[in-house]
Amino acid sequence: MTRAFILVMDSFGVGATEDAPKFGDQGANTYGHIAQACAEGKADIPNGRHGPLRLPNLARLGLGLTAEESAGAAPAGFLPPDSITGAYGHAAERSFGKDTPSGHWEMAGVPVEYDWGFFPKETPCFPTELTDALIARCGLPGVLGNCHASGTEIIAKLGEEHIRSGKPIVYTSADSVFQVAAHETHFGLERLYELCRDRQGTGGRIQHRAGDRTALRRRGCRLLSAHGQPERPDHAAALAHTARSP
C-alpha cells in the first residue's frame, strides 16, 4: 500500500472524556444527541428525511458499536449491522486543548501536549501589533470586529459595513484561531486566500470565511492555516522515512 487517507468528521464526537468539565462540555456526545433528536422526530423534514438516524455505511464500519462502547449506551434508534467491515475503536486525546488543529495533529501522531495561546475575551481581542502588521503587509484600510463572535452572527452584523469600507472582518471563538471573513466578490476570494497565507508574525492560526456572492451568509470555501510545524515527524513522515530506508 503506497497511499492512505485520513477522513475526519470534525466535531462528531461519540461521548465525553474525563476532562470535559474543564471546557464546560459535560455530557458531550454529538452523535448520541443527533440520534436522540431524530428518534424523537425533531429532525423530520416534510417530504424529506424522517424517523431515526440511519447511517448504514458508517454502521458497517463500526460507528454505532464504538459509540455504544464509548458512551455506555447505543445511540437511539441504532440498528446493529449484520456484519462489520472495518476496524473500530474510541480514544481520548492526549492533547491539552480541544481545538481542531490539536485533534488533527494528534490523529497524525503528534499530540499537542502544551497549551496554545488564547485570545482574551475582550474588545479588541487581538494585540495591536498583530492587526497593525496585517493591515500594513496586506494593504488593508483597516479591520472590523476584532472580538470573540460566532461567524454567522458577525457576518450578519458587519457584512454591509465590510462591503462599504473594504475592511475584512476579523474575529475569534473558543479556539486559538484568528478568523477572517470577507465577501468573495467585493473583497475577492484570491485576495482573501493571500491574506490568510500572510500570517508571518501573527502568533496564531488564520482561518478564512468567504461570504456569498448574493447574500451575507457563510459559504463552504474556507482555508485553515496552522501556525508553526509539529515538533516531531507525524505518521506520514515516519512511514515515508521507513519506506526509503534500506
For this session: Dump the intermediate steps for side-chain contact (heavy atoms from CB on, under 4.5 Å) on Thr85 and Leu61, then the final yes or no.
Result: CA-CA 5 Å; Thr85 60; Leu61 290 173; 3.8 Å; yes

Identify, with sequence neighbours excluded, every residue that meets side chain to side chain donor-acceptor pair (under 3.5 Å) alongside [X].
{"X": "Lys121", "value": "none"}
{"X": "Asp25", "value": "Lys98"}
{"X": "Glu68", "value": "none"}
{"X": "Arg60", "value": "Asn57"}

Exercise. So is Arg191 actually on top of Phe187's ring, under 6.0 Å and inside 45° of the axis?
Worked result: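 Pair Arg191/Phe187 counts as cation-pi.
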
Side-chain ([X]) to main-chain ([Y]) donor-acceptor, under 3.5 angstrom:
{"X": "Ser95", "Y": "Gly97", "value": "no"}
{"X": "His148", "Y": "Pro120", "value": "yes"}
{"X": "Ser70", "Y": "Val14", "value": "yes"}

For this session: Decide if atom NE2 of His33 counts as having more than 12 heavy atoms of other residues, nucleotides or ligands within a radius under 6.0 Å.
Result: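 Enclosed.
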
Exercise. Considering residues, nucleotides and ligands other than Glu122, do more than 12 of their heavy atoms fall under 6.0 Å from its CD?
Worked result: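 For Glu122, atom CD is crowded (more than 12 foreign heavy atoms under 6.0 Å).
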
Problem set entry | Cluster check Phe78, Met9: I/L/V/M/F/W/Y, side chain < 4.5 angstrom |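 Phe78 clusters together with Met9.
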
Problem set entry | hydrophobic_cluster_shared for Ile84 and Leu55, side chain cutoff 4.5 Å |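 As far as the 4.5 Å side-chain criterion goes, Ile84 and Leu55 are connected within one cluster.
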
[X] to [Y] - nearest heavy-atom pair and separation:
{"X": "Gln26", "Y": "Gly24", "result": "OE1-C, 3.1 Å"}
{"X": "Ile154", "Y": "Ala149", "result": "CD1-CB, 3.8 Å"}
{"X": "Glu106", "Y": "Pro111", "result": "OE1-CB, 3.5 Å"}
{"X": "Ser165", "Y": "Pro141", "result": "O-CG, 3.6 Å"}

Exercise. Which residue pairs pass the salt bridge (Lys or Arg N to Asp or Glu O under 4.0 Å) test when at least one of the two sits in residues 38-52, sequence neighbours left out?
Worked result: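 Matches after skipping sequence neighbours: Glu40-Lys42, Asp44-Arg49.
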
Exercise. Applying salt bridge (Lys or Arg N to Asp or Glu O under 4.0 Å), which residue pairs with at least one partner in residues 80-95 are found, sequence neighbours left out?
Worked result: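 Counting only pairs at least two positions apart or across chains, the salt bridge (Lys or Arg N to Asp or Glu O under 4.0 Å) contacts touching residues 80-95 are Arg94-Glu113.
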
With sequence neighbours excluded, what pairs up with [X] under the side chain to side chain contact (heavy atoms under 4.5 Å, CB included) test?
{"X": "Asp132", "value": "Thr128"}
{"X": "Ala71", "value": "Asn29"}
{"X": "Ile34", "value": "Phe12, Thr30, Cys38, Leu53"}
{"X": "Ile135", "value": "Leu140, Val143"}

Exercise. Is Ile45 isolated, or which residues cluster with it under the ILVMFWY side-chain rule of less than 4.5 Å, directly or via members?
Worked result: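 Noted: Ile45 shares its cluster with no other residue.
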
So do [Y] and [X] actually touch side chain to side chain, heavy atoms under 4.5 Å?
{"X": "Val8", "Y": "His104", "answer": "yes"}
{"X": "Leu130", "Y": "Phe178", "answer": "yes"}
{"X": "Asn146", "Y": "Tyr171", "answer": "no"}

Between [atom1] on residue [X] and [atom2] on residue [Y], distance to nearest 0.5 Å:
{"X": "Cys147", "Y": "Lys157", "atom1": "SG", "atom2": "NZ", "value": "6.5 Å"}
{"X": "Gln179", "Y": "Ile169", "atom1": "CD", "atom2": "CD1", "value": "11.5 Å"}
{"X": "Leu158", "Y": "Ile155", "atom1": "CG", "atom2": "CD1", "value": "9.5 Å"}
{"X": "Leu144", "Y": "Lys167", "atom1": "CG", "atom2": "NZ", "value": "6.0 Å"}
{"X": "Ser102", "Y": "Met107", "atom1": "OG", "atom2": "CE", "value": "10.5 Å"}

For this session: May I have all residue pairs that pass ring-ring contact (aromatic ring centres under 6.0 Å, His included) and include part of residues 82-101, sequence neighbours excluded?
Result: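 Qualifying pairs, neighbours excluded: none.
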
